[in-house]
Amino acid sequence: MKCARCLLRLQGLGSVVPSARTANRYAYLLQSTTAPVLTKPLVAFNSHGEASRHFHGSSAWAKSSPPSSDLKEKEKEIDKSLLSRDELFERVARNAKTKAAFDKAIEAFTKRDRRRRGHVEFIYAALQKMVEFGVERDLAVYNRLLDVFPKEVFVPRNFIQRMFNHYPRQQECAVQLLEQMENHGIMPNVDTKVLLVQIFGEKSHPMRKYQRLMYWFPRFKHVNPFPVPRLLPSDPVDLARLGLTRIANDLDAKVTVYQMPYTDITETGEEITLPHIVGTQSPDQVELLAKHDPSRPVFVEGPFPLWLRNVCVHYYVLRADPLPPGEKVEEPYDPERSLYYPLELSLELERDMGDLGDDFDVEDLDEGPVFAMCMTGQGDQATLNQWISGLQEANAVLGRVPTLFRLDAGPRELQSPAGESHRPHPPPETDPCVPGDEGGAGPARQEVDVTLEEEPQHSRGVKQ
Amino acid sequence: MSLSRIARHPRAGLLGCIHQQLFLNPSSLPGGADTRPMSRVPYRRPGEPKDNRPPWKKIKFDFAKGVEGVGRQMMLLKKELLDPLVGPEGKPMLEHMLEQNRVVWEFRGPECLEQWSVSSDREIGGQSEAYLKLGRNDNTCLLYGSLNAAPPRDGETRYSGYCTLRSKQRLCSFDRKTHFDWTSFNTLHLRVRGDGRPWMINLAPENYFSHQKDDIYSYFLYTRGGPYWQDVKIPFSKFFLGHRGRIQDDQHHLWLDKINTIGFTLGDKVDGPFQLEIDFIGVCKDYAHTEEFAYEKYKRNPEV
């Protein structure tokens, strides 16, 4: 209790400390110029005690600076040294922003001054530059940064120091470094621990932070039931394959590449780029589609977004409207579908007089069956038509079913809240009828662009 | 008293995802949203002047509002008085005792959206947007918008980028607080459809001390994406305690007798549009699950 209150009070005091330090610097200058009497109270002001050991003030100044030098000049010099911390990185970055360059900047800083003056500012600057240099997910770099702290200086040596927040500014800096590690999902290792013990001691705040990371990170490491690899494939076809296997929700689903992307130059010199078309369909979906009543249309809808870590891909869905309630037929299970165990059990299990069952009392949402999904590089009707004709090989019924396209122009933008603003409607695609490419497969497929007939707003966004 | 208690008041949010759940200004919301409850102190952005108006000036006196309110309160009072005659929570005793599952929130009409409030980091100066509306057939709820993790340029805020949906405090007659009592259940059951982004589910229990008012129990909700609905069952034992975005050192399991609100937060630091569709939120009893708490609760030696 007592310790806690002291710590709180010191939090407030921590903000005073830096100013006390600078005051000390000036005290040295003043000492050389004016009266030596001034130093005494100022040293007493140094809240950490041990003025001699931690006095980073200005041994260099005391040696080099002529006594006549002005305070203002000194201030300029300090400013310059502050600037150079950022500058260190900028100078290094002129060639290439790589890990090697980052390391070089750290090395330059550590070599420059044995006392590591201004290391807190340097570390803060480095933390900000990390993303720029692309090293934000590199544990070794974090450890090197921690290594910049001078060792054993900030370790509390007696119980009073341990009780108070010893060197709060440095501890805060280290905590922020660990926090950045946490934000990028990097788990510290034993080297980090050894460094922290060397720098701040066993029971410091950074050490606590380290312990928290080590406790919680392994716990939540594998909680995601739908993991996404850290490095996503750069090839769009592979990416589409990954996304489709994820959303298919069926291990039997088969991913088919209907068209590989390639660029071709025609005789006239025109460049034709054919987008990739990757689709997926599971045996269940094939079965559903085979049972589909050919007089009812099927719809190609999309694009719908799917996020894989930080990449957004869009997919299209082939689906039908739900059957009207009167036409639904409950099909009995075929007992020969599984010879190992019964697929249906009708036992009279009156367990309790008030047994309410395990089902939630909500109406089922019937949104109609989904027959297939695809991803393509170019979401226009011609490309999707190609997908449908590719699907026809496995699903002959598609030749007889009218296919309607309900497409949105391009990747879906943020839908405006209804009634607030009316965005101009994107121009509908202008070719309402693309000739069916499979001639003779039943009546010619009827393609109607129903974009206009739907609601004028893009509120269709999520009806899937 | 331990250090961990002190660590409860950090300067800025750490775990970006369980940022403070705050409410958006009413002006920036499409219908169905309202302001923050009176009991919560609003977030004051750095540099913003303090609101020094006396409390009585903030109250809107309106005769029409009063008349409308009396009718509603009387209905609530009637229900409150008559329900115990049937049984607990207006259900027969037997049904109450043998209840296996309960649908707490479902979205079957526009009036259901009034139980929810949406907010985003707009309130702290960020640029995310979040909106709530009914889904395609008016029987789901769709939370959509876009996330932007750029922190506000006020020199103090370090992290930004969250969007949240939070249920409103349940009130009984005369605007007294009531709570959900889920002690006979052990699992949260949701049916959702997302777009592959990870969300966080936050349960806020009622606490006694005022310094615990921001205590929130959280767990993750991972969405698969795609056109299929996803049934998610999360045992209450998995929820861990956090306070103002920081996971706490001394954990305790969630007490289910007084649950105030449930919230969904997105804060995965990826800029872009998002959507989450919720069919219903319920609680159920899973007899196969016996765990009380998934994390260590022992007293550490030495205490931190």
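Protein chains get the first letters and strands the later ones, always in sequence-line order, with residue 1 at the start of each. Bear in mind the structure is a predicted one, so any value in this text is a computation, not a measurement.
- Looking at B:R108, the atoms closer than 4.5 Å to chain A (heavy atoms on both sides) all sit in the side chain, from C-beta outward.
- If you look at A:F220 and B:F240, their ring centroids are closer than 6.0 Å.
- Both the backbone and the side chain of B:Y295 come within contact range of chain A, judged by heavy atoms closer than 4.5 Å.
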- [ ] Could you walk me through whether B:D268 and B:L147 pass the side chain to side chain contact (heavy atoms under 4.5 Å, CB included) test, one step at a time?
- [x] CA-CA 9 Å; B:D268 61 353; B:L147 193 79; 3.5 Å; yes

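- Contacts between B:V232 and chain A at a heavy-atom distance below 4.5 Å are absent for every atom of the residue.
- Separation of the B:F280 and B:W229 ring centroids does not fall under the 6.0 Å cut-off.
- Annotation: cation-pi geometry not satisfied between B:R197 and B:F274 (NZ/CZ under 6.0 angstrom from ring centroid, within 45° of ring axis).
- Proximity to chain B is limited to the backbone of A:R309, based on heavy atoms less than 4.5 angstrom apart.
- For the options A:V223, A:I247, A:N224, A:L244, heavy-atom pairs under 4.5 Å to chain B are most numerous at A:N224.
- For B:Q230, the part sitting under 4.5 Å from any heavy atom of chain A is the side chain, from C-beta outward, and nothing else.
- Ranked by non-hydrogen atom pairs under 4.5 Å with chain A, the options B:L221, B:T223, B:N137 are led by B:T223.
- Of the atoms belonging to A:Q180, not a single heavy atom falls under 4.5 Å from chain B.
- In this structure, B:R224 fails the cation-pi test against B:Y222, since its NZ or CZ atom is not both closer than 6.0 Å to the six-membered ring centre and inside 45 degrees of the ring normal.
- Two rings, from A:Y315 and A:F304, have their centers less than 6.0 Å apart.
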